[in-house]
Amino acid sequence: MASSSPSSNYNQEVEGGHIIPLDQNILQKHVAFFDRNQDGLVYPLETFQGFRAIGFGVFFSALSAFFINLGLSQKTRPGKFPSLLFPIEIKNIQRAKHGSDSGTYDSEGRFVPSKFEEIFSKNALTYPSALTSNELMKMLKANRDPKDYKGWFASYVEWKTLYVLCKDKNGLLQKEILKGAYDGSLFERLEKERSSTKKKAVV
């Protein structure tokens with residue numbers, strides 16, 4: 001049996017140059033995009049850089065970095081003293097899962113295909129493979145757990161941010177876009193497209 005040195009798992013390179021461990025679950029892959037130096041920890045500056053890389057403005061990126069790292073750091077660092085650097089430990093990101101969500105990530109951070117399909121079978125009434133803004137809001141209300149106000153707020157912010165960033169010209173959030181958001185590949189693509197646009201502008 002081959003030895004499992006720290007570097008032996010880091011041999012899968014994804015689009016955009018980021019390297020992720022082969023044994024990561026899909027929720028970890030979703031977050032790994034923001035681990036800009038690939039050390040298994042996401043600091044507020046890296047969260048800020050990740051949001052900027054996919055097209056968000058300075059103010060929104062800074063605000064997101066503050067609240068995300070403040071809210072998730074200690075949840076992903078069980079048994080450790082709070083750190084003023086507010087790192088998020090990717091290996092424990094499933095501990096930061098909130099309620100009132102779609103259930104597409106299970107309690108271990110794994111992808112649940114049936115729950116993903118339910119997003120569209122239950123809510124995509126106008127187009128079978130896309131959500132309108134109104135359908136998205138109805139889904140969020142249907143997913144609410146009683147008195148889970150933090151979960152309500154977290155789900156609203158996550159989904160509305162994704163909708164604003166990724167809706168098409170007709171105001172639809174497409175199924176393939178959402179799948180890419182769940183596994184993190186969407187972020188890699190957006191960063192590559194933004195980088196390419198910048199290069200063309202310079203030329």
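Index from 1, following the sequence.
Scanning both residues, I26 and R110, for their nearest heavy atoms gives CG2-C, 3.8 Å. Of all heavy-atom pairs between G151 and H98, the closest is O-ND1, 4.0 Å. The two residues S133 and Y163 make their nearest non-hydrogen contact at CB-OH, 3.5 Å. Closest approach of P87 to T76, counting heavy atoms only: O-OG1, 4.2 Å. Residues A181 and L162 approach most closely at CB-CD1, 3.9 Å, considering heavy atoms.
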Stepwise side-chain contact (heavy atoms from CB on, under 4.5 Å) test for K115 and S102: CA-CA 7 Å; K115 289 294 185 180; S102 66; 5.7 Å; no
Check against side-chain contact (heavy atoms from CB on, under 4.5 Å), L172 and L131: CA-CA 5 Å; L172 300 173; L131 295 173; over 6 Å; no
Start with the C-alpha distance between N92 and R77, add both sets of side-chain angles, then the distance that settles side-chain contact (heavy atoms from CB on, under 4.5 Å), and finish with yes or no. CA-CA 7 Å; N92 296 321; R77 305 177 72 249; over 6 Å; no
Could you walk me through whether F48 and V58 satisfy the side-chain contact (heavy atoms from CB on, under 4.5 Å) test, starting with their C-alpha distance in whole Å, then the side-chain angles of each, then the deciding distance to 0.1 Å, before giving a yes or no? CA-CA 8 Å; F48 172 82; V58 172; 4.1 Å; yes
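Side chain of E191 to main chain of E188: no donor-acceptor pair is present (N/O by atom type, distance under 3.5 Å, no hydrogens or angles). Remark: side-chain polar atoms of E108 are not paired, donor with acceptor, to backbone N or O of Q94 under 3.5 angstrom. Between the side chain of W159 and the backbone N or O of M139, no donor-acceptor pair lies under 3.5 Å. Proximity of a side-chain donor or acceptor of E46 to a complementary backbone N or O of D35 within less than 3.5 Å is not detected. Listed for the Q28 side chain is a donor-acceptor partner under 3.5 Å among the backbone atoms of N25.
With sequence neighbours excluded, the residues forming a salt bridge (Lys or Arg N to Asp or Glu O under 4.0 Å) with K122 are E118, listed by chain and number. Contacts of R95 classified as salt bridge (Lys or Arg N to Asp or Glu O under 4.0 Å), with partners at least two apart in sequence or in another chain: none. For Q49, the side-chain hydrogen bond (donor to acceptor under 3.5 Å, both in side chains) test picks out no residue, with sequence neighbours left out.
Counting heavy atoms from C-beta on, the side chains of R189 and I177 come closer than 4.5 Å. Using a 4.5 Å heavy-atom threshold, the side chains of V42 and I68 count as separate. Side chains of R194 and L190 form no contact here, defined as non-hydrogen atoms less than 4.5 Å apart. Side chains of N143 and S155 form no contact here, defined as non-hydrogen atoms less than 4.5 Å apart. Residues F187 and V31 have side chains not in contact (no heavy-atom distance under 4.5 Å, counting atoms from C-beta outward). In this structure, I119 and F116 have side chains that are in contact, with non-hydrogen atoms separated by less than 4.5 Å. Using a 4.5 Å cut-off on side-chain heavy atoms (C-beta onward), P113 and F111 make contact. L72 is not listed as a side-chain neighbour of F86, based on a closest heavy-atom distance of 4.5 Å or more.
Relative to the ring axis of F33, R36 places its NZ or CZ within 45° and under 6.0 Å from the centre.
Counting non-hydrogen atoms of neighbouring residues, nucleotides and ligands closer than 6.0 angstrom, the NZ atom of K175 exceeds 12 such neighbours. The neighbour count for K138 NZ, taken as heavy atoms of other residues, nucleotides or ligands under 6.0 Å away, does not exceed 12. Heavy-atom neighbours of F60 CZ from other residues, nucleotides or ligands within 6.0 Å: above the threshold of 12.
Taking CH2 from W152 and CG from L140, the interatomic distance works out to 12.0 Å, rounded to the nearest 0.5 Å. One finds the CZ atom of F34 at 10.5 Å from the CD1 atom of I93 (value rounded to the nearest 0.5 Å). Interatomic distance, S83 OG to Y43 OH, rounded to the nearest 0.5 Å: 6.5 Å. Between atom OG of residue S73 and atom CD of residue E89 there is a gap of 8.0 Å, rounded to the nearest 0.5 Å. Taken to the nearest 0.5 Å, the CG atom of L27 stands 10.0 Å off from the CD1 atom of I90. Going from atom OG1 of T132 over to atom CE of M137 covers 11.0 Å, rounded to the nearest 0.5 Å.
A donor-acceptor pair shorter than 3.5 Å can be found between the side chains of S100 and D148. If you check the side chains of D183 and S185, you find a donor sitting under 3.5 Å from an acceptor. Of the N and O atoms on the side chains of N69 and T47, at least one donor lies less than 3.5 Å from an acceptor on the other residue.
Ring geometry, Y105 versus Y182: the interplanar angle exceeds 60°, so the pair is classed perpendicular (tilted spans 30 to 60°).
Between F51 and the choices F56, F59, F66, the ring-ring contact (aromatic ring centres under 6.0 Å, His included) rule is met once, by F56.
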